[in-house]
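In what follows, a single structure is set out as structure tokens and then discussed.
Both ligands and their constituent atoms are indexed starting at 1 by order of listing.
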Amino acid sequence: MINSFNEISILKPDDWHLHLRDGKILKGVVSYTANVFSRAIIMPNLDPPITTLNSAKEYKKRIIQAIPKGASFTPLMTAYLTDDMSPEVLERGFKEGIFYGAKLYPVNVTTNSSYGVTDLNKIDNLFETMERIGMPLLIHGEVSDLDVDVFDREAVFIERHLEPLLRRFSSLRVVLEHITTIDAIDFVENSKSNIAATITPHHLHINRNAMFLGGLRSDFYCLPTAKREIHRIALRKAATSGKACFFLGTDSAPHTRKFKESSCGCAGIFNAPFALESYLKVFEEENALSRFEAFASINGANFYGLPLNIEKISLVKKDIFVPKSINVGLEGDPNDSVKPFHSGEILGWSIAAN
Ligand code: DOR
Ligand code: ZN
């Protein structure tokens with residue numbers, strides 16, 4: 001509900017795509033999500049990845065231990081698909097509420113994906129099970145073939161792999177994660193209601209030029225990479241359209257300075273600290289404040305078949321300064337801080353104190 005031009009109040013949002021990492025950094029990053037969002041789909045790309053019921057349960061416990069006191073936040077765990085994952089583990093995990101979905105990383109496509117799937121045809125037994133039990137398949141939709149241009153990898157994945165997969169398993173429930181192209185938008189919009197997509201804040205704000213502005217800027221490097229401006233404009237239209245097939249998934253992916261400022265910098269943008277404010281700026285600019293709640297708090301829960309949150313959250317029109325860097329509790333070494341998305345900028349909306 002928009003109470004006035006200066007305030008918006010919505011059901012508490014959920015983040016349908018989040019990297020929390022593990023160990024010390026987990027404690028340093030989880031509060032940014034847990035203080036604002038009610039639930040989040042937790043990515044399983046640890047090293048080693050989350051492939052068993054036990055490792056998912058243990059990781060969930062570590063996340064819960066790291067949540068600040070007073071926050072009510074539920075991590076929704078996912079399984080990492082490998083060539084030899086057993087269908088029984090997926091089925092049991094889903095039916096027992098341990099896994100809310102399974103993540104498909106084509107092998108070597110991104111951070112910690114070397115355990116990923118080498119050929120989609122090899123795991124038809126898993127797709128069959130997931131289709132039968134209604135378990136969501138969350139897809140990093142890019143090919144990793146080195147002969148495919150990095151900016152074409154999403155479009156090529158859709159044509160070469162996703163369309164054939166859905167011809168074989170037409171009722172599979174699929175979330176195409178962090179979409180970046182008009183090709184992906186068209187694909188999702190023209191599919192049945194079993195296909196949806198998450199959209200990140202960074203892909204709504206930056207195009208591929210951001211990575212090269214005055215020098216090589218690894219802080220804007222993520223996968224899939226941002227694309228041309230026409231794609232960014234189309235993503236903003238899709239996200240703010242109110243359509244049920246598009247919902248919030250930050251893909252917040254923290255990497256410390258050491259790993260960003262390297263001759264081979266890691267892919268990932270840490271947007272969790274100001275994610276909601278960042279999305280809201282886009283909705284305001286697109287004159288779509290009345291559709292913000294659907295994107296942030298309703299469409300995702302409906303797709304996953306989960307109840308809507310009951311609590312509310314308000315944002316007020318008040319400037320907020322985004323710090324240049326954030327210490328995530330790693331011994332205070334400046335090389336071990338993380339740069340948040342919008343670092344050093346002022347955003348025009350702030351979360352209202354309860
Ligand atoms: O930019 C990204 N970072 N994309 C991914 O797919 C993985 C993520 C990470 O884990 O760092
Ligand atoms: Zn991700």
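Here His178 does not reach the Zn ion (ligand 2): none of its N/O/S atoms is less than 2.8 Å from the metal. Residue His140 does not count as close to the Zn ion (ligand 2), with no N, O or S atom under 2.8 Å.
Checked by atom type, the side-chain pair Asp15/Thr250 shows a donor-acceptor distance below 3.5 Å.
Considering both main-chain and side-chain atoms, Asn45 comes within under 3.5 Å of ligand 1 through a nitrogen or oxygen pair. Backbone and side-chain nitrogen or oxygen atoms of Pro224 are examined, and none is located within less than 3.5 angstrom of a nitrogen or oxygen of ligand 1. For a threshold of 3.5 Å applied to N or O pairs, the pair formed by Ala267 and ligand 1 contains at least one separation below that value. Backbone and side-chain nitrogen or oxygen atoms of Gly268 are examined, and one is located within less than 3.5 angstrom of a nitrogen or oxygen of ligand 1. Note: an N/O pair closer than 3.5 Å links Thr111 and ligand 1 by distance alone.
Atom numbering of ligand 1 starts at 1 in the shown order; those under 4.0 Å from a heavy atom of Cys222 are 1 (O). Atoms of ligand 1 found under 4.0 Å from any heavy atom of Ala253 (numbered from 1 in listed order, with element): 3 (N), 8 (C), 9 (C), 11 (O).
In this structure, the protein non-hydrogen atom closest to atom 4 (N) of ligand 1 is Leu223 O, 2.8 Å. In this structure, atom 5 (C) of ligand 1 lies nearest to the protein heavy atom Thr110 OG1, 3.0 Å.
Taking a cutoff of 4.0 Å between a charged side-chain nitrogen and a carboxylate oxygen, Asp145 and Arg153 do not qualify as a salt bridge. Here Lys281 does not pair with Glu277 in a salt bridge; the nearest charged N to carboxylate O distance is not below 4.0 Å.
The minimum distance between the Zn ion (ligand 2) and any N, O or S atom of Asp251 involves atom OD1.
Residue contact annotation: Glu177 has no non-hydrogen atom under 4.0 Å from ligand 1. Residue contacts with ligand 1: Arg21 is included, with a non-hydrogen atom under 4.0 Å away.
Shown here for Gly116 and Tyr80, the closest heavy-atom pair between the two residues is N-OH, 3.4 Å. When all heavy atoms of Ala301 and Pro307 are compared, the closest pair comes out as CB-O, 4.1 Å.
Taking the ring axis of Phe127 as reference, the NZ or CZ atom of Arg168 does not stay both within 45° of it and closer than 6.0 Å to the ring centre.
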Derivation and outcome, ring-ring contact (aromatic ring centres under 6.0 Å, His included), residues Phe295 and Tyr279: CA-CA 10 Å; Phe295 178 77; Tyr279 279 118; 5.4 Å; yes
Might you work through the ring-ring contact (aromatic ring centres under 6.0 Å, His included) test for Phe99 and Phe94, ending with a clear yes or no? CA-CA 5 Å; Phe99 294 136; Phe94 185 61; 9.3 Å; no
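Using the six-membered ring where Trp is involved, Tyr105 and His140 have ring planes that are tilted, between 30° and 60° apart. Ring geometry, His342 versus His205: the interplanar angle exceeds 60°, so the pair is classed perpendicular (tilted spans 30 to 60°).
Residue contacts with ligand 1, taken as heavy atom pairs separated by less than 4.0 Å, involve His140 solely via side-chain atoms from C-beta onward.
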